Amino acid sequence: MKVDIVNLDAKNVGSIELSNAVFGAEVRNDIMQRCVEWQRAKRRAGTHATKTITEVSGTTAKPYNQKGTGRARQGSLRSVQFRGGGISHGPVVRSHEFGMQKKVRRLALRSALSAKQAAGQLIVIDEAKLTEAKTKALVGHFAKLGLTSALIVDGPQVDQSFAHAARNIPGIDVLPSVGANVYDILRRQVLVLTKEAVNALEA
């Protein structure tokens, strides 16, 4: 399929042929959902924890006699039924990661790219470069392109002036082609690719 190439001033500067295998594949919502859950699970710190009865500080003495009080027998004030006691079956420090095959991850990425293309939310620009790292100038370019929520994917290396100018703009993310992922593609309304990014993703 052929799409137009525009520059940062929203002017047509040519066209490019997109691979149907990458940008015209079947959109698998189930695979994309699995990939998003996999990514979010990897990002979880897993540092949540509570103390058990053996870890709570407090007395080790038996609260009162076993018999003769008329109350239920108790062996420790650090038990889970007492205020300030331990927590039963609480969270522990652990990793939330789980495995996902590479071919499934590649399928999810193809589905995400194809979904953006099918929805008309894919823009190809000639390059993402600025002579000066000026946020105000970049905001003007984005206004011409109609971008308020967008992920911009460049080639193997991102232009530092462009990245610095874009990092203070809400709703705009900039990534190199190697960092393109399903979660960031889907969380922004528009996907913007440079010509280098298209070649890298197809490769």
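These figures come from a predicted structure and were not determined experimentally. Both backbone and side-chain heavy atoms feed into the values below; hydrogens, waters and symmetry mates do not.
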Just wondering, do [Y] and [X] contact through their side chains at under 4.5 Å, heavy atoms?
| X | Y | value |
| --- | --- | --- |
| D4 | V124 | no |
| L201 | L113 | yes |
| P156 | S177 | yes |
| R44 | R40 | no |
| I53 | V80 | no |
| F82 | Q74 | yes |
| T59 | R78 | no |
| F23 | K116 | no |

Quick one: closest heavy-atom pair of [X] and [Y], and the distance?
| X | Y | result |
| --- | --- | --- |
| L186 | A112 | CD2-CB, 4.3 Å |
| Q117 | L122 | OE1-CD2, 3.2 Å |
| T47 | V93 | O-CG2, 4.1 Å |
| P63 | G75 | CD-C, 3.8 Å |
| A163 | V158 | CB-CG1, 3.9 Å |
| I123 | L145 | CD1-O, 4.4 Å |

Are more than 12 heavy atoms, taken from residues, nucleotides or ligands other than [X], located less than 6.0 Å from that residue's [atom1] atom?
| X | atom1 | answer |
| --- | --- | --- |
| R187 | CZ | yes |
| Q81 | CD | yes |
| K129 | NZ | no |
| R34 | CZ | no |

Find the distance between [atom1] ([X]) and [atom2] ([Y]) and round it off to the nearest 0.5 Å.
| X | Y | atom1 | atom2 | answer |
| --- | --- | --- | --- | --- |
| L191 | S149 | CG | OG | 11.0 Å |
| L138 | L130 | CG | CG | 5.5 Å |
| R110 | S19 | CZ | OG | 9.5 Å |
| L175 | I152 | CG | CD1 | 10.0 Å |
| K62 | L77 | NZ | CG | 10.5 Å |
| L107 | Q101 | CG | CD | 11.0 Å |

I'd like to know if the side chain of [X] reaches the main chain of [Y], judged simply by a donor and an acceptor atom lying under 3.5 Å from each other, with no hydrogens or angles considered.
| X | Y | result |
| --- | --- | --- |
| T135 | A165 | yes |
| N7 | E127 | no |
| N65 | K67 | no |
| N20 | G24 | no |
| N199 | K195 | yes |
| D9 | K11 | no |
| W38 | F98 | yes |
| Q39 | V36 | no |
| H141 | L8 | yes |

I'd like to know if [Y] and [X] are part of one continuous hydrophobic network [Ile/Leu/Val/Met/Phe/Trp/Tyr, side-chain heavy atoms within less than 4.5 Å].
| X | Y | answer |
| --- | --- | --- |
| I125 | V174 | yes |
| V190 | V6 | yes |
| M100 | L109 | no |
| I169 | L147 | yes |
| V192 | L18 | no |

Task: Basic-acidic side-chain contact under 4.0 Å: D30, R28 - done: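 Answer for the salt bridge query: yes.
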TODO: Inspect the contact between R188 and D173 and indicate whether a charged nitrogen and a carboxylate oxygen are less than 4.0 angstrom apart.
DONE: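 Answer for the salt bridge query: yes.
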TODO: Apply side-chain hydrogen bond (donor to acceptor under 3.5 Å, both in side chains) to the pair D154 and T194, showing each step before the final yes or no.
DONE: CA-CA 5 Å; D154 203 351; T194 63; 3.1 Å; yes
TODO: Test N29 against V27 for side-chain contact (heavy atoms from CB on, under 4.5 Å), laying out the working first.
DONE: CA-CA 6 Å; N29 292 324; V27 178; 3.8 Å; yes
